[in-house]
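Written out below as structure tokens is the structure these notes cover.
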Amino acid sequence: MIKTSHHIPSLCLLSLALSSWATPVAAGDWFVDVASKVGIDFQHQDARFGAKYYIETAASGGGWIDYDDDGDLDLYLINGAATPGSSLTGTARNHLYENRGGRFVDVTAAAGVGDTGYGMGFCVGDVDGDGRLDFLVTNYGPDRLYRQRPDGTFEDVAPRLGVADERWGASCAFADLDADGDLDLYVTHYVDFAFERNPFCGDRARDLRAYCRPEAFAGVTDSLFIQQQDGTFVDQAKARGIAEGVHEKGFGVVASDIDNDGDTDLYVANDGTMNRLYVNDGSGHFEDQALFSGTGLSHLGAAESGMGVDLGDADGDGRLDLMVTNYSMETNTLYRNGGALLFDDVTQKSGLGEPSYKHVGWGVQFFDYDNDGDLDVAVANGHAVDNIEVFEAGLHYRQPNQLYENTGGGVFREVSAQAGKALQVAKVSRGLAVGDYDNDGRLDLMITNTNEGIDLLHNRVDKGHHWLGVKLVGPKANRAAIGARVTLIRGDRRWLREVRSGGSFMAQSDLRLHFGLGPSEEPVELDIQWPDGTRQKARSEQLDRYWSIDYAPSTPPKTSPKTALENRQTPKKPSSPEGS
């Protein structure tokens, strides 16, 4: 049954510690896979049967959305679909699981979100400013934009609003890119693949077919959908500076104020072609600064196989560093932000290089798993070629995922083996999303796996450290406060977090912000920068809780809205598409 949406009052406690997980933690049981125990019975299916359709290599993602606004995280999972020649029985569909006190109930049918397309990615945003979260599903085929109704059900408005792109969509992110107050949308498109154009790759002499590399296909241009005053979207990628043509093979995207100038920039991980760092001029026009910044190529000057991407202040200097996952024999890459839009490849000196060399990385997230005050890293792994063992000795299709502990200053050590059995099982993982599903202050991991169920890795690390969670409720056109920044201040120490849609690889993490604070119980101060440039101060004497803060800035916006959006008396409510 769908629950009626209700807003959580400002400054309230949202914590819900579950007694069922309050048992002592044994050594090596930092993370425990509880997916089946909490009611998540989802099984991914990509319909492969030997034709080696390229879309099978990437699917599928998913992530967290508190769609019913009750203070805990619900879960949306994306599935594949039947393909020409496949013998897939039944109908593969996406699933929505409602969180009811730490157990999950499948509400897909009641909510109306069981898309049966060949699914890829997922990102969340309140597109019409009505206070209810909506979400986009990218597909190989028409994408779906599920707008939430007042009763908690959804309607697909993608065709009506102009975002039902039929190309191969991968990752996506909502953000206010043109600074007019409402949310726009960026969607990466991977390659120009079609079932009827499925080239043979592999070893013809031995009649061994393999999945192709991206070089076998032409790339395509990503979409930059700008929201209009009537609530529709128009793809203005070309007009606003997004690179065009066959050299664009977009997989991951993250929307963030990368250069600290108050507007939202974009970083796109391309597979086998140069990555892009699109710097916003403040009005939603972009210039690619990837080469200038040092983030377009490897330290050897080569384009790598970019998959997932995330940003976080790894070394605690107040600037956001960039992490990109790559193919095997390339290593994942950590770019340290030196300021002035200059980055340095510190992969090897950070300790992230050698452990990732033989893995194919996909989802990636900075997060503080032990609440000690610095950002650790999780990576989802799994090769793209299901018979790679035949072609390359020493490489494996199924691979364990990885956890890296930040030992201070942005130097990492891999602790996957110490973290428990759940991080030692080899699978074919793709999406990775972080969220505290049981509200105990310890960040959990959701990892999607090809042709298997998901991993829901419950975090049981307890070092006696404190934490603070923050949910921001933004202005009327962007109630989820996507693009807002919070700097938490304690003494001379500062922690920076951003509210982001999308990121990682085709996945959505918790929109709430999480700060690990270590053993100290001292109060903290918050400096909130809202998406419109206004600022707000807050102070918390109480820790170890989730704190909801409403938009009440003490400074005026930096610029006036560029459209009549803020003059509307009611949120946009486009009519339903035909047949809904």
Side-chain angles (χ1 to χ4, degrees), residues 121 123-139 142-150 154-167 169 171-189 221-242 244 253 255 262-266 278 280-286 474-484 500-502 530-533 557-578 580:
C123 60
V124 170
D126 179 4
V127 297
D128 53 1
D130 65 357
R132 294 182 289 270
L133 289 175
D134 315 299
F135 62 91
L136 186 84
V137 176
T138 63
N139 287 317
D143 296 338
R144 311 293 187 196
L145 177 55
Y146 285 110
R147 193 191 66 172
Q148 189 173 173
R149 301 182 179 103
F154 293 80
E155 58 179 335
D156 175 22
V157 296
R160 185 174 187 83
L161 298 192
V163 296
D165 199 304
E166 294 194 4
R167 294 175 295 170
S171 297
C172 58
F174 289 101
D176 181 9
L177 298 174
D178 58 355
D180 67 352
D182 60 9
L183 291 179
D184 309 300
L185 172 65
Y186 194 96
V187 180
T188 64
H189 297 292
T221 306
D222 294 340
S223 288
L224 195 166
F225 293 105
I226 298 298
Q227 187 171 174
Q228 309 300 297
Q229 293 185 42
D230 63 358
T232 62
F233 291 80
V234 175
D235 189 351
Q236 298 181 0
K238 180 179 180 180
R240 291 179 178 265
I242 303 305
E244 298 180 81
V253 62
D263 53 36
T264 301
D265 311 300
L266 297 159
Y278 293 118
N280 196 334
D281 71 353
S283 67
H285 290 81
F286 295 86
K476 56 187 176 181
N478 182 8
R479 298 292 287 166
I482 290 170
R500 291 194 200 123
S501 168
W530 295 99
D532 61 5
K558 289 184 179 179
T559 58
S560 299
K562 295 181 176 60
T563 72
L565 176 73
E566 294 296 332
N567 296 323
R568 285 200 292 264
Q569 298 302 308
T570 58
K572 295 169 293 189
K573 293 189 177 181
S575 58
S576 303
E578 292 182 7
S580 64

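The first residue in the sequence is number 1, and the count goes up from there. This one's a predicted model, so the numbers in the text were calculated from it and none came from an experiment. The basis for the numbers below is simple: all heavy atoms, side chains too, and nothing from hydrogens, waters or symmetry mates.
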Handout entry: Pairwise distance CG(L177) to CG(D265) - rounded to 0.5 angstrom
Key = 9.5 Å
Fill in the blank from the handout: To the nearest 0.5 Å, atom CG of D184 lies from atom CD of Q228 at 8.5 Å
Practice task
Would you name the heavy atoms of H285 and A239 that are closest together and state the gap between them?
Solution key: CD2-O, 3.7 Å
Handout entry: Interatomic distance, C172 atom SG to H189 atom NE2 [nearest 0.5 angstrom]
Key = 10.5 Å
Practice task
State whether the side chain of R144 and the backbone N or O of V137 hold a donor-acceptor pair below 3.5 Å, judged by distance alone.
Solution key: no
Practice task
Give a yes or no on whether the backbone of G181 and the side-chain of N478 come within a donor-acceptor separation of less than 3.5 Å.
Solution key: no
Completion exercise
CG of D532 to CG of D180, rounded to nearest 0.5 Å, is 12.0 Å
Practice task
Using atom types as modelled and distance alone, determine if a side-chain donor or acceptor of D235 lies under 3.5 Å from a backbone N or O of L224.
Solution key: yes
Practice task
For A173 and C123, work out which heavy atoms get closest and say how close.
Solution key: N-SG, 3.7 Å
Problem - Donor-acceptor pair, side chain of N280 and main chain of T264, under 3.5 angstrom - result: yes
Completion exercise
Heavy-atom nearest pair, L266 first then A255, reads CD2-CB, 3.8 Å
Problem - N/O donor-acceptor pair under 3.5 Å between E244 side chain and T221 backbone - result: no
Handout entry: Note, I226 side chain near R240 side chain (heavy atom, < 4.5 Å)
Key = yes
Problem - Closest contact, heavy atoms only, G282 versus A179 - result: O-CB, 3.6 Å
Handout entry: Spacing of CZ belonging to F154 relative to CG belonging to L133, to within rounding of 0.5 Å
Key = 8.0 Å
Practice task
Check the angle between the aromatic planes of F225 and F233 and answer parallel, tilted or perpendicular using the 30° and 60° thresholds.
Solution key: perpendicular
Exercise for the section: Classify the angle between the aromatic ring planes of F286 and Y278 as parallel (below 30°), tilted (30 to 60°) or perpendicular (above 60°). Expected result: perpendicular
Exercise for the section: Determine the minimum heavy-atom distance between D143 and T138, stating which atoms define it. Expected result: OD1-CA, 3.2 Å
Practice task
Using modelled atom types only, decide if a donor and an acceptor are shared between the side chain of D134 and the backbone of V127 within a distance under 3.5 Å.
Solution key: yes
Exercise for the section: Look up atom CG in D126 and atom NZ in K476, then write down how far apart they are to the nearest 0.5 Å. Expected result: 13.5 Å
Exercise for the section: Determine, step by step, whether L185 and S501 satisfy the side-chain contact (heavy atoms from CB on, under 4.5 Å) criterion, reporting the C-alpha distance in whole Å, the side-chain angles of both residues, the deciding distance to 0.1 Å, and the verdict. Expected result: CA-CA 10 Å; L185 172 65; S501 168; over 6 Å; no
Fill in the blank from the handout: Between P475 and W530, the two heavy atoms sitting closest are CD-CE3, 4.4 Å
Exercise for the section: Begin with the C-alpha distance, continue with both residues' side-chain angles, and end with the deciding distance and a verdict on side-chain contact (heavy atoms from CB on, under 4.5 Å) for V187 and D165. Expected result: CA-CA 9 Å; V187 180; D165 199 304; over 6 Å; no
Exercise for the section: Report yes or no: does D222 contribute a side-chain atom to a donor-acceptor pair with the main-chain N or O of I242 at less than 3.5 Å? Expected result: no
Handout entry: R500 side-chain N/O to A175 backbone N/O, donor-acceptor pair under 3.5 Å
Key = no
